[in-house]
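Letters go in sequence order (proteins before strands), and every chain restarts at 1. This structure is a prediction, so every number in the text was calculated from the model and none was measured.
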Protein chains: 2
Amino acid sequence: MAQIEPKTAPNSRIVAKDRRRQQLIKATINCIAKRGIAGTTMADVTQDADLSLGIVNLHFQSKDKLFEETLLYLSDEYETFCANALKKAGHTAAEKLTALAELDFSPKVCDRKKLAVWFAFWGEAKSRPTYLQICAENDRKYNDVVAKLCEDLVVDGGYTDIRPQAFAIGLAALTNGLWLDLLMTPNEINRNMARDISFDYLAVIFPNHFNKSNRREN
Amino acid sequence: MAQIEPKTAPNSRIVAKDRRRQQLIKATINCIAKRGIAGTTMADVTQDADLSLGIVNLHFQSKDKLFEETLLYLSDEYETFCANALKKAGHTAAEKLTALAELDFSPKVCDRKKLAVWFAFWGEAKSRPTYLQICAENDRKYNDVVAKLCEDLVVDGGYTDIRPQAFAIGLAALTNGLWLDLLMTPNEINRNMARDISFDYLAVIFPNHFNKSNRREN
DNA sequence: GAATAATGAATGAGCATTCATTCATTATTC
DNA sequence: GAATAATGAATGAATGCTCATTCATTATTC
């Protein structure tokens, strides 16, 4: 006889499940920032989340999957931040590029906890194809966006000798490198200094669109 | 009664010991590149070195110490490379800066195995004060050298609006970021492209001393 | 033959994962 | 709509495996 109903879970349960998963992912971010990937145990994560030991395996099957989902969560979050920043920004390429650069040194992206987790994953990526693939995809997306904006600036500003792909790679590299400095030597550099260095880079490459900052905030 | 002799080990033994330690450190580099920090075990390292399981504890006391010594080994090696590059280079600041930038994208510094190990340590540094301290010290040394060279260029080229400290931080950041790209997306960027991006950066900042490359090697 | 280096089986701590059980929520029946 | 059944989320003690470290033994060097 036919099944009476396809029987889908009630909405409230689905929402609760998602909340739980996110709660565990946030605990994982805390733990990786505090103890590193090598040092975080299931007990650490579940304690940070104020839940019981078995809960991760219930929601993510394994520690590996939890970590993978954490990396995906961070990737999605960053992508959303970018999309929102671009939406809010003015319609010119220069305004959009400014918005992205500001975002990269804003507190919601550029705090030591999150940076630590990014670098923890990057540090393991060479030996973890799954991480590598996710990170490569993140790179590609960011580069495509920036390269497009660069093309517009080149047309608009009449620049010669600028290769958009190379520029995009360079800007992303500079940003990542500055993040590393913020992570390693927070006493010698802060978000504002890093942002200024980034904008100075834009200014020397696109002098018709950006000015050297000369800001010296602390 | 007096000790018969201060009893120093014969020279050949000291040398042998050092060789063994270096052999184990090199095996550690191989393993971290292949399996990551979280994934390398004592068994992995000793097998890679074709030695017995207990040998690391004999020579380094613990796994932690082995890893720390590995980071110190890489740091010393890089410092030596820099010193040699500076010695070989011509006497002008521009030549010295060129030598350093070439070094950073030369095969002996910039191969994926070593880069993977650097990033593995950077990724764990936030949660490991010892790593953090060593890395911060590396940063400081490099920045001091580059900032000094920048000061000379500023005087020589009559540049205004260049802050040597900020420039040094920016150059190091760009290099580290390009290394990350080489590690993550080796199909989309190679050493030569990375070097060109780096030299283009020098060219836009010190136009009287460096030319835009326009090289497009593969 | 003393001193030192190297081996690898044995040990046990630490940890991911399992699963029987409890508990709260949702569905069904009368 | 009260009573009962079914679902599935959550717990945490128990399990068993992985791995760093130890150390008695063997090999090598001086």
Exactly one candidate in Lys114(B), Lys108(B), Lys26(B) meets salt bridge (Lys or Arg N to Asp or Glu O under 4.0 Å) with Glu77(B); the answer is Lys114(B)
Considering only side-chain heavy atoms of [X], which listed nucleotide, [options], is closest?
{"X": "Met42(A)", "options": "dT17(C), dT7(C), dG8(C)", "result": "dT17(C)"}
{"X": "Leu51(A)", "options": "dT11(D), dC15(C), dA5(C)", "result": "dT11(D)"}
{"X": "His59(A)", "options": "dT17(C), dA10(D), dA6(C)", "result": "dA10(D)"}

When both distances are under 3.5 Å in a Watson-Crick or G-U wobble arrangement, the nucleotide paired with dT25(D) is dA6(C)
If pairing means Watson-Crick or G-U wobble with both distances under 3.5 Å, then the partner of dC30(D) is dG1(C)
Rounded interatomic separation in angstrom, taking [atom1] from [X] and [atom2] from [N]:
{"X": "Asn57(B)", "N": "dA6(C)", "atom1": "CG", "atom2": "P", "answer": "14 Å"}
{"X": "Ile55(B)", "N": "dA6(C)", "atom1": "CD1", "atom2": "P", "answer": "4 Å"}
{"X": "Phe67(B)", "N": "dA20(D)", "atom1": "CZ", "atom2": "C1'", "answer": "11 Å"}
{"X": "Arg20(A)", "N": "dA24(C)", "atom1": "CZ", "atom2": "P", "answer": "13 Å"}
{"X": "Lys65(B)", "N": "dT21(D)", "atom1": "NZ", "atom2": "C1'", "answer": "13 Å"}
{"X": "Gln61(B)", "N": "dC23(D)", "atom1": "CD", "atom2": "C1'", "answer": "15 Å"}
{"X": "Gln47(B)", "N": "dG8(C)", "atom1": "CD", "atom2": "C1'", "answer": "12 Å"}
{"X": "Leu53(B)", "N": "dT7(C)", "atom1": "CG", "atom2": "P", "answer": "10 Å"}

Ranking Thr41(A) and Gly54(B) by the position along DNA chain C of their nearest nucleotide, the one closer to 5' is Gly54(B)
### Task
Using only side-chain N and O atoms of Lys63(B), determine if any of them is under 4.0 Å from OP1 or OP2 of dC19(D).
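Lys63(B) to dC19(D) OP1/OP2: no side-chain N or O under 4.0 Å.
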Q.
Assess, by modelled atom type and distance only, whether the side chains of Arg19(B) and Gln22(B) contain a donor and an acceptor separated by less than 3.5 Å.
A. no
side-chain hydrogen bond (donor to acceptor under 3.5 Å, both in side chains) test vs Asp144(B) passes for just one of Lys141(B), Arg140(B), Lys148(B), namely Arg140(B)
Partner of Asp44(B) by side-chain hydrogen bond (donor to acceptor under 3.5 Å, both in side chains), out of Thr40(B), Thr41(B), Thr46(B):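 By the side-chain hydrogen bond (donor to acceptor under 3.5 Å, both in side chains) criterion, Asp44(B) pairs with just one of Thr40(B), Thr41(B), Thr46(B): Thr41(B).
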Ring pair (Phe, Tyr, Trp, His ring centres under 6.0 Å) between Phe67(B) and Phe60(B), intermediate numbers included: CA-CA 9 Å; Phe67(B) 279 20; Phe60(B) 293 92; over 10 Å; no
